[in-house]
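This one's a predicted model, so the numbers in the text were calculated from it and none came from an experiment.
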Amino acid sequence: MAKAPVLTPQADDFPRWYQDLINKAELADNGPVRGTMVIRPYGYGLWERMQQDMDARIKAVGVQNAYFPLFIPQSYLTKEAEHVEGFAPELAVVTHAGGKDLEEPIVVRPTSETIINEYFSKWVQSYRDLPLLINQWANVVRWELRPRLFLRTTEFLWQEGHTAHATQADAQAFASRIQRDVYADFMENVLAMDVVLGRKTVKERFAGAINTLTLEGMMGDGKALQLGTSHELGQNFAKAFQTQYLSKDGAQEHVWQTSWGSTTRMIGALVMMHGDDNGLRVPPRLAHVQVVVLAIKDDEAVVAKVREIGEKLTAAGLRVVVDDRTDTPFGRRAVDWELKGVPLRVEVGPRDLEGGTAMLARRIPGGKEPVALDILDTLLPKVLEEDQARLLQESRERRLARTVEVSTIEEAAEAAATGWARIPWADLGPEGEAKLAEQGVSVRCLVAEDGSVPTADDAPGTVAIVARAY
């Protein structure tokens, strides 16, 4: 009888495969309240690495971190009509606390434009106070009707940036810079994710924004996932909260604003973009465990050698775990590390010691080969960089192979069953977008003919990227 697979094969049931992997790779569990999740240590280690790298990029463009309250007076949200209308179905509202009904209901933070503007209006007095560039790492709550771990949860972790500028041009340039220099750079060079940078349609914009820039990735099943957004808020919130500054000319002017965010959804994307039937494959630059050194047998010399190798590789700048749990069968441990997607395994047994070698298992391309022990510290950094590049190349090749050029709504809907479609926006338009929505297909973003981000919704030659999405 054939041995049952560790995971449901992707080709049989992609959503089931995803849930299996999240569970068996010990990334997360469902929380006690519907739609919440418990991020387990291995999954949280991925988020910590994402935080560290993103935080450095955010600070490099001049942004400072701050923190704002989780609880927001309901009256704040009602000040910007489009914003409150867009979030109303997702709000969690506290009406009773301290043993009595509250005089004013309190909203649990769904996003922070309103409460941050309350303070921006106090902190900004003159043009000398601009630009004001703030980011916070926090949790948010949006009542999710169809939860899925990491992809859509009632509570999730994120960073949200909020900025105020003297001119529309400055705000527009900063929103673009975040999309390009922070998000795209991180996703491509650290997460090894091929992403398409584009502009959202009016229908898909963030509630209260005048423009939303997005980064879209193709998952292993051909569906799209929004990986980050950067919004131009115009002066909508500034006028609602009277966020003004005294210009050089002595006139009171409303500021121009941006907001932008990325979330723990990136962990879900990591699973669905890079995972295979054997588990997760973690990009080496992201991995909090890049190399695991395994003792195959309970042999004193073997255990001593794997510890020595671990120290040598750590000294070479690699992130290493030594697995000398020889009371657990080697095969089980190897499968567990494969599920977790650790890029490299260095396996050492008595025969390897005799030959002065170790068996090197590469998770990303697959396969094993013997390697001399004395070159591990110089070889492995090169191998990790090769495998980082391989993941990005694979994700790009998948998108290109599964994206087709179409000219009709019917062709776009058909293509979205297995991948993405590109259709001239002039041929589709808002009416075509609405017809596609009836079939569960959306315009993920608008791009220019040369692949750049359009400067306007109706820019000549604009192309719509159409797909089913998570």
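- Side-chain atoms of R396 do not come within 3.5 Å of backbone N or O of M193 as any donor-acceptor pair.
- You'll find the ring centres of H162 and F68 outside the 6.0 Å limit.
- Between the R363 side chain and the V342 main chain, no donor and acceptor come within less than 3.5 Å of each other.
- Taking both residues in full, the closest heavy atoms of V447 and V196 are given as CG1-CG1, 3.9 Å, listed atom of the first, atom of the second, then distance.
- Closest heavy-atom contact between P343 and L384: CB-CD2, 3.7 Å.
- In this structure a side-chain-to-backbone donor-acceptor pair under 3.5 Å is present from D276 to G279.
- Under the 4.5 Å side-chain criterion, counting only non-hydrogen atoms from C-beta, L339 is in contact with V6.
- Pairing each heavy atom of G461 with each of E449, the nearest pair is O-CG, 3.0 Å.
- In this pair, F174 and H165 present their aromatic rings tilted. The plane angle is within the 30 to 60° band.
- Among all heavy-atom pairs drawn from Y18 and G268, the shortest one is OH-CA, 3.4 Å.
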Inset, instruction - List the steps and the verdict of side chain to side chain contact (heavy atoms under 4.5 Å, CB included) for F87 and T111. - result: CA-CA 9 Å; F87 278 99; T111 181; 3.6 Å; yes
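- Seen from the ring of F206, K200 does not count as a face-on cation partner, given the 6.0 Å and 45° thresholds.
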Inset, instruction - Take L197 and L213 through the test side chain to side chain contact (heavy atoms under 4.5 Å, CB included) and record every step on the way to the result. - result: CA-CA 7 Å; L197 281 64; L213 303 175; over 6 Å; no
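- L225 places a side-chain heavy atom less than 4.5 Å from the side chain of R265.
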Inset, instruction - Check step by step if side chain to side chain contact (heavy atoms under 4.5 Å, CB included) holds for Q52 and D55. - result: CA-CA 5 Å; Q52 291 165 14; D55 197 58; 5.9 Å; no
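- Checked against V195 for a side chain to side chain contact (heavy atoms under 4.5 Å, CB included), the options E188, E216, M273 give a single hit: E188.
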Inset, instruction - Check the pair E26 / K340 against side chain to side chain contact (heavy atoms under 4.5 Å, CB included), numbers first and verdict last. - result: CA-CA 8 Å; E26 299 180 341; K340 286 181 166 65; 3.1 Å; yes
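- With hydrogens and angles disregarded, a donor-acceptor distance shorter than 3.5 Å links the side chain of Q235 to the backbone of H254.
- A distance of 11.0 Å separates CG in N236 from CD in E113, rounded to the nearest 0.5 Å.
- In plain terms, the two heavy atoms of P69 and I115 that are nearest each other are CD-CD1, 3.6 Å.
- With sequence neighbours left out, R34 forms a salt bridge (Lys or Arg N to Asp or Glu O under 4.0 Å) with no residue at all.
- With rounding to the nearest 0.5 Å, the separation of CD1 in I210 from CG in L233 is 8.0 Å.
- Within the 3.5 Å criterion, the main-chain N or O of D458 finds no donor-acceptor partner in the side chain of T462.
- Ring planes of F14 and W17: tilted class, angle from 30 to 60°.
- Two residues are said to be in side-chain contact when any heavy atoms from C-beta on lie closer than 4.5 Å; R345 and L294 meet this criterion.
- What you find for I423 and D427 is that their closest heavy atoms are CG1-CB, 4.5 Å.
- Within the 4.5 Å cutoff, the side chain of D194 has no heavy atoms near those of the L400 side chain.
- Remark: the E397 side chain and the Q393 side chain contain an N/O donor-acceptor pair separated by less than 3.5 Å.
- Here the side chain of Q290 pairs a donor or acceptor atom with the backbone of R319 at under 3.5 angstrom.
- Looking at residues two or more places apart in sequence or on another chain, you find a salt bridge (Lys or Arg N to Asp or Glu O under 4.0 Å) between E385 and R285.
- Under the 3.5 Å distance criterion, the side-chain polar atoms of E155 are left unmatched by any main-chain donor or acceptor of N139.
- Salt-bridge annotation for R362 and D387: present, with a side-chain N of the basic residue lying under 4.0 Å from a carboxylate O of the acidic one.
- When side chains are defined from C-beta on, I39 does not count as touching D29, because their heavy atoms never get closer than 4.5 Å.
- R205 has a carboxylate O that lies under 4.0 Å from a charged side-chain N of D457, or vice versa, which qualifies the two as a salt bridge.
- E232 and R199 are not joined by a salt bridge, as no carboxylate oxygen comes within less than 4.0 angstrom of a charged side-chain nitrogen.
- The main-chain N or O of V141 is never found under 3.5 Å from a side-chain atom of T154 such that the two would form a donor-acceptor pair.
- Rounded to the nearest 0.5 Å, atoms CD1 (I267) and CG (L149) are 11.0 Å apart.
- Annotation for Y119: atom OH does not count as buried by contact number, only 12 or fewer foreign heavy atoms lying within 6.0 Å.
- We find that E433 and K203 are not joined by a salt bridge, their nearest charged nitrogen and carboxylate oxygen being 4.0 Å or further apart.
- With contacts defined as side-chain heavy-atom distances shorter than 4.5 Å, the pair I116/F237 does not qualify.
- Side-chain N or O atoms of D20 include one that pairs as donor or acceptor with a backbone N or O of T8 at under 3.5 Å.
- Y76 carries K79 over the face of its six-membered ring, with the cationic atom under 6.0 Å from the centre and within 45° of the normal.
- Listed for the D13 side chain is a donor-acceptor partner under 3.5 Å among the backbone atoms of R16.
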